[in-house]
A.B. asks: 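Structure incoming, see below.
Lettering follows sequence order; numbering is per chain, from 1.
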Amino acid sequence: MQQESAAPQVGEPFPLSTLRHSVSHLMASAVEKLYPGVRFGFGPSIEHGFYYDFELPEPLEEKDLAKIEKEMRRIAQKSPELVCEEVTRDEAKARLAKLGQTFKVEAVDLIPEGEKITFWRHGDWFDLCEGPHVDRLNRAFAFKLLSIAGSYWRGDEKRPMLQRIYGTAFWKQEELDAHLKWLEEIKLRDHRKLGTDLDLFSTHQEAGGGFVFWHPHLGAVRHALEEFLAEEHQRRGYDFVFTPHVVREQVFQVSGHLQNYAEMMYAPMLIDEMPYRVKPMNCPGHVMIYKTRAHSYRDLPLRFSELGTVYRYERSGVLHGMMRVRGFTQDDAHIFCTPDQLEAEIADVLDLIDTVLKTFGYSYTAYLATRPEKAIGSEEIWAKATEALKKGAAKRGLPLELDEGGGAFYGPKIDFKIRDSLGREWQMSTVQCDFNLPERFDIVFTDTDGHQKRPIMLHRAILGSMERFIGGLIEHFGGKFPVWCAPKQVALIPIREEHADYVRELAKTLQHELFRVTCMDDPGHMNNKIKEAQKLQIPFMLIAGDREVAERAVAVRRRGTREQEVMSFADFRALLVRLRDTRSLELA
RNA sequence: GCUGGUGUAGCUCAGUGGUAGAGCACUCCCUUGGUAAGGGAGAGGCCGCGGGUUCAAUCCCCGCCACCAGCUCCA
């Protein structure tokens, strides 16, 4: 993936972000030329390019982009020099007001007192901007306008909606081409596209948006993941619990969700004239289990885990495939422990996270989020918990980036961002200390001194939610799942119909060993079956003809290659078992 | 929720103010084929849903639902 660097790379006159910002100015001037009277919003460089926001009387269309690009090239040749001019605050506002640039006038007020106010100009177009910029717009570079979207002025939905044009720029055409190819690859791997192509999941207009239907293929993936998670949890001393999806509203009164989270929760339903709510989180349920008996320090830590399905209201416009839905299952757990146990528990959770994420080939970065302005709990407990998070990480040699003041109001946390095979970052795992719920539900344990004390509650999720994680996984692997979690692991293909019995026998053997196989034994051409298996990204094809039947062998064709390897069925089976049981990412 | 766009066969997409088409997939027949498309025939559509305009609406208008690109928010 493209790297954005603060400093220019070797052979490049300016940093990429400077170039992109300058190209956004170039674009703005072209838009002004084509649409006189346009009002300008902001136009910064961003991670992979730039954008500029405009207020136009007419909506832009995709096809207008070519026109704007053409005008940009014309301007770059005609008036290439970019020059900076310092102005006073009053002068800036007066000149912008005279042009009717109301958003820009407002932008002047956003500049802190005492800072320089500058205009950057090329030709007769100028913009309020702190720079820096490239010196000339006719330097060698490559750019492309990519898309149009709406966006609120200053990101505030109560303010006017502007039209945003996204684009990108690079110093070299090859780099732009590579970037466009990357965007293309992202589109090809889109989990929604692969979701239909590989028959993974669906959503339904008649069922409502934001609800995912898992088809057999994706059900197999999820089942494999759940099994993996269960093993790793059991190994680490977690207990499995199950809690109801619907409980009396008063539970969320006590937990505080009704006060702080109501707009995410669905309306109450009446059962025996009593209001009930669908759960938006699993924590209250786990606390209720904790509360059913008195706990001694000897019982702790208690680790309750649940694949808990929750329902949350999301605004219709944010729903997105499996990634953003209204009902989803969290791989949730709550650890109840004494303050002294916190550090060891955190280290253990970090180990679990590491194990799980590495199994999928994800690399990750961890962020320590500390006390925000508005927080509950004493300074001491915050300091102690933050220290425990730090020490737990240190114990595992895990470097922490600092997210100052990014903690939840109820406690500090460590968040994980994973990097997928396309170089994109996603927020995933999280470990959060909670001083709030133990308080609200008044849970206690009896300490060594015989006194009742407050346990600390640790919330943690490894995958986050099955929906979002697996949606991401589809794109990470591009549909090419490793053997252990592939929807179908083996496709069996007879060369002629007379080999079908042999193939059926092998299929039965593998299925008895809990492999997911598809036996393509119906009459039809071998080549079509190979095409089909290839399309479904099945890791292994076993093809059998006269030679294989005679020797109890199989011709093995691995996903992604056209080569075949003939081996005994026993050897293949051993290979398959090893790949599955080690959860290998390889096919050899 | 907001701005703009889209909704036609299982999938990808043409199309028209006079109730619809292609390719792939599917079914059947022929083909027995050594690693990505053999040949033929057939079936399949309340043209997202509801209302309006019109002699007539899949097409024009309005409302709703869902989806897409973003904004804002988030597991």
Side-chain angles (χ1 to χ4, degrees), chain A residues 41 51 53 55-56 58-62 64 146-166 187 190 192-193 195-197 199 202-211 261 263-264 280-282 308-332 415 426-430 459 461-472 491 493-500 523-535 541-548 555-558 561-566:
Chain A
Y51 68 77
D53 288 339
E55 189 188 63
L56 293 161
E58 303 250 317
L60 287 168
E61 288 176 54
E62 209 71 38
D64 297 323
L146 297 171
S147 60
I148 301 159
S151 84
Y152 300 106
W153 166 236
R154 296 181 59 195
D156 184 342
E157 65 186 24
K158 290 183 189 65
R159 295 180 194 248
M161 175 69 78
L162 307 179
Q163 297 190 63
R164 175 172 295 181
I165 302 179
Y166 284 93
K187 224 190 267 174
D190 191 308
R192 293 164 300 180
K193 179 181 157 49
T196 22
D197 290 353
D199 195 9
S202 54
T203 56
H204 299 267
Q205 196 178 127
E206 58 270 42
F211 297 111
Y261 210 70
E263 75 285 358
M264 298 291 284
M281 289 190 187
N282 302 302
T309 304
V310 296
Y311 291 86
R312 300 183 187 170
Y313 173 73
E314 295 282 357
R315 285 145 49 122
S316 59
V318 306
L319 302 176
H320 184 89
M322 303 186 72
M323 303 296 227
R324 191 76 182 270
V325 293
R326 285 175 169 165
F328 55 95
T329 301
Q330 297 180 304
D331 63 325
D332 212 352
D415 283 331
W426 304 93
Q427 155 76 46
M428 196 120 290
S429 317
T430 182
H459 305 253
I462 316 295
L463 308 186
S465 80
M466 301 308 286
E467 284 74 8
R468 185 174 285 183
F469 185 83
I470 291 177
I493 302 170
I495 286 178
R496 284 197 311 280
E497 213 160 344
E498 65 198 76
H499 309 124
H525 283 237
M526 176 187 67
N527 277 352
N528 282 324
K529 295 174 184 175
I530 289 171
K531 188 180 77 177
E532 178 71 7
Q534 195 88 333
K535 224 180 61 192
M541 283 182 230
L542 300 189
I543 298 165
D546 293 335
R547 296 201 292 273
E548 287 76 16
V556 178
R557 177 168 158 163
R558 290 178 168 81
T561 167
R562 308 178 71 142
E563 280 133 45
Q564 311 126 50
E565 188 184 339
V566 177

A.B. asks: A/L542 and A/I493: side chain to side chain contact (heavy atoms under 4.5 Å, CB included), yes or no, with the steps?
C.D. replies: CA-CA 6 Å; A/L542 300 189; A/I493 302 170; over 6 Å; no

A.B. asks: Mind checking the C1' distance from B/U3 to B/U12? Whole angstroms is fine.
C.D. replies: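 Pairwise C1' distance, B/U3 against B/U12, rounds to 28 Å.
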
A.B. asks: Closest approach to the side chain of A/E157, judged atom by atom: which nucleotide of B/U3, B/G1, B/U32 is it?
C.D. replies: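 Closest of the options to the side chain of A/E157: B/G1.
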
A.B. asks: State whether the distance check finds a donor on one side and an acceptor on the other, under 3.5 Å, for side chain A/E548 versus base B/G34.
C.D. replies: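 Check passes, donor-acceptor contact within cut-off.
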
A.B. asks: Can you tell me, in whole Å, how much space there is between the C1' of B/C61 and that of B/U53?
C.D. replies: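 Between the two C1' atoms, the distance is 7 Å.
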
A.B. asks: A/Q205 has a side chain; which of B/A36, B/A75, B/A66 sits nearest to it?
C.D. replies: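 Within the option list, the nearest is B/A66.
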
A.B. asks: If you assign each of A/H525 and A/R154 to its closest nucleotide in RNA chain B, which residue comes earlier from the 5' end?
C.D. replies: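 On the 5' side of the pair lies A/H525.
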
A.B. asks: Nearest to the A/K531 side chain among B/A36, B/U35, B/G33, which nucleotide is it?
C.D. replies: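 Looking only at side-chain atoms, A/K531 lies closest to B/A36.
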
A.B. asks: Looking at every heavy atom in both A/P280 and A/Y261, which two are closest together, and how far apart are they?
C.D. replies: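 Closest heavy-atom pair between A/P280 and A/Y261: CB-CE2, 3.9 Å.
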
A.B. asks: Select from A/Q163 and A/Y261 the residue whose nearest nucleotide in RNA chain B is closer to the 5' end of that strand.
C.D. replies: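 With A/Q163 and A/Y261 compared, the 5'-side residue is A/Q163.
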
A.B. asks: For nucleotides B/U72 and B/C2, find the distance between their C1' atoms and express it as a whole number of Å.
C.D. replies: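 These two C1' atoms come out 9 Å apart once rounded.
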
A.B. asks: Run the side chain to side chain contact (heavy atoms under 4.5 Å, CB included) test on A/I543 and A/M526 for me, step by step, so that the C-alpha distance in whole Å, both residues' side-chain angles and the decisive distance to 0.1 Å come before the verdict.
C.D. replies: CA-CA 9 Å; A/I543 298 165; A/M526 176 187 67; 4.2 Å; yes

A.B. asks: I want to verify a distance call: between B/A37, B/G70, B/G1, whose nearest atom is closest to the A/Y166 side chain?
C.D. replies: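 In terms of side-chain proximity for A/Y166, the closest of B/A37, B/G70, B/G1 is B/G70.
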
A.B. asks: What contact category does A/G464 fall into here, base, sugar-phosphate, or nothing, at under 4.0 angstrom with non-hydrogen atoms?
C.D. replies: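 A/G464: backbone/sugar contact only, no base atoms under 4.0 Å.
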
A.B. asks: Work out how far the P atom of B/G45 is from that of B/U8, and round it to whole angstrom.
C.D. replies: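 Here B/G45 and B/U8 have their P atoms 15 Å from each other.
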
A.B. asks: Need one value for A/L319: base, sugar-phosphate or nothing, where a base atom within 4.0 Å counts as base even if backbone is also close, heavy atoms only.
C.D. replies: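 A/L319: backbone/sugar contact only, no base atoms under 4.0 Å.
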
A.B. asks: Looking at the base of B/C74, is there any donor atom on it, or on the side chain of A/R468, that sits under 3.5 Å from an acceptor on the other one?
C.D. replies: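 Side chain to base: pair present.
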
A.B. asks: Shortest non-hydrogen contact from A/K193 to A/T196?
C.D. replies: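 Heavy-atom minimum between the residues: O-OG1, 2.9 Å.
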
A.B. asks: If I pick the P atom on B/C55 and the same atom on B/C46, what distance separates them, to the nearest angstrom?
C.D. replies: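 Going atom to atom, P in each nucleotide, I get 28 Å.
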
A.B. asks: Using a heavy-atom cut-off of under 4.0 Å over every strand shown, decide if A/G155 touches base, sugar-phosphate, or nothing.
C.D. replies: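 If one applies the 4.0 Å heavy-atom cut-off, A/G155 turns out to touch the sugar-phosphate alone, with no base involved.
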
A.B. asks: Could you work out which one of B/U72, B/C74, B/G34 sits closest to the side chain of A/E314?
C.D. replies: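 Selected nucleotide: B/C74.
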
A.B. asks: What is the pairing partner of B/G17, taking Watson-Crick or G-U wobble pairs with both distances under 3.5 Å in any strand?
C.D. replies: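 With both distances under 3.5 Å required, B/G17 matches none.
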
A.B. asks: Identify the nucleotide, in any strand shown, that forms a Watson-Crick or G-U wobble pair with B/C64, with both distances under 3.5 Å; if there is none, say none.
C.D. replies: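 Pairing partner: B/G48.
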
A.B. asks: Ignoring the backbone of A/I530, work out which of B/C74, B/U35, B/G1 is nearest its side chain.
C.D. replies: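 Of B/C74, B/U35, B/G1, B/U35 is nearest to the side chain of A/I530.
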
A.B. asks: How long is the straight-line distance from CG of A/L162 back to CZ of A/R154, given to the nearest 0.5 Å?
C.D. replies: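 Result: 12.0 Å between the selected atoms.
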
A.B. asks: Base, sugar-phosphate alone, or nothing: which one does A/G210 contact when heavy atoms must sit under 4.0 Å apart?
C.D. replies: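 Touches sugar-phosphate only.
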
A.B. asks: For residues A/L463 and A/D331, report the shortest heavy-atom separation together with the two atoms involved.
C.D. replies: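 Taking A/L463 first and A/D331 second, the nearest heavy atoms are N-OD2, 2.8 Å.
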
A.B. asks: Has A/F328 got its ring stacked on the base of B/A75, with centres under 5.5 Å and planes less than 30° apart?
C.D. replies: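 Yes.
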
A.B. asks: Does any donor-acceptor pair link the side chain of A/Y152 with the base of B/G70 at a separation under 3.5 Å?
C.D. replies: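 Answer no: no donor N or O sits under 3.5 Å from an acceptor.
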
A.B. asks: Using atom C1' of each nucleotide, how far apart are B/G39 and B/G33 to the nearest Å?
C.D. replies: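 About 14 Å, rounded to a whole number of Å.
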
A.B. asks: When all nucleic acid strands are considered with a 4.0 Å heavy-atom cut-off, which category describes A/D156: base, sugar-phosphate, or nothing?
C.D. replies: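 Result for A/D156 = nothing.
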
A.B. asks: Measure from the side-chain heavy atoms of A/M526 and tell me the nearest of B/A75, B/C67, B/U35.
C.D. replies: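 Ranking B/A75, B/C67, B/U35 by closest atom to the A/M526 side chain puts B/U35 first.
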
A.B. asks: Any idea which of B/G33, B/A75, B/G1 is nearest the A/Y313 side chain?
C.D. replies: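 For the A/Y313 side chain, the nearest candidate turns out to be B/G1.
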
A.B. asks: Rounded to whole angstroms, how far apart are NE2 on A/H204 and C1' on B/G7?
C.D. replies: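 Taking NE2 of A/H204 and C1' of B/G7, I get 16 Å after rounding.
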
A.B. asks: Could you tell me which non-hydrogen atom of A/E314 sits nearest to which non-hydrogen atom of A/V325, and how far apart they are?
C.D. replies: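 A/E314 and A/V325 have their closest heavy atoms at CG-O, 3.6 Å.
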
A.B. asks: Give the nucleotide from the list B/A75, B/U72, B/A69 with an atom nearest to the side chain of A/R192.
C.D. replies: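 Selected nucleotide (nearest to the side chain): B/A69.
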
A.B. asks: Would you measure the distance from the P atom in B/G7 across to the matching atom in B/A14 and give it in whole Å?
C.D. replies: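 Comparing P positions in B/G7 and B/A14 gives a spacing of 8 Å.
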
A.B. asks: Taking all non-hydrogen atoms of both residues, which atom of A/E498 and which atom of A/D546 are closest, and how far apart?
C.D. replies: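 Looking at all heavy atoms of both residues, the closest pair is OE2-OD1, 4.0 Å.
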
A.B. asks: Need one value for A/V310: base, sugar-phosphate or nothing, where a base atom within 4.0 Å counts as base even if backbone is also close, heavy atoms only.
C.D. replies: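 No contact.
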
A.B. asks: Using a heavy-atom cut-off of under 4.0 Å over every strand shown, decide if A/G209 touches base, sugar-phosphate, or nothing.
C.D. replies: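 Since only primed, P, OP1 and OP2 atoms lie under 4.0 Å of A/G209, the category is sugar-phosphate.
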
A.B. asks: For A/H320, which contact category applies under a 4.0 Å heavy-atom criterion: base, sugar-phosphate, or nothing?
C.D. replies: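 Sugar-phosphate, no base atom in range.
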
A.B. asks: Looking only at atom P, what distance separates B/A37 and B/A43, rounded to whole Å?
C.D. replies: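 Rounded to whole Å, the distance is 29 Å.
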
A.B. asks: For A/R315, which contact category applies under a 4.0 Å heavy-atom criterion: base, sugar-phosphate, or nothing?
C.D. replies: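 The residue A/R315 makes base contact.
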
A.B. asks: Ignoring hydrogens and angles, are the base of B/A36 and the side chain of A/Q534 linked by a donor-acceptor pair under 3.5 Å?
C.D. replies: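 Present.
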
A.B. asks: Need the pair for B/C28. Rule: Watson-Crick or G-U wobble, both distances under 3.5 Å, any strand; none if unpaired.
C.D. replies: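 With both distances under 3.5 Å, B/C28 matches B/G40.
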
A.B. asks: With a 3.5 angstrom cut-off on both distances, give the Watson-Crick or G-U wobble partner of B/C11, or none if there isn't one.
C.D. replies: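 Its partner is B/G23.
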
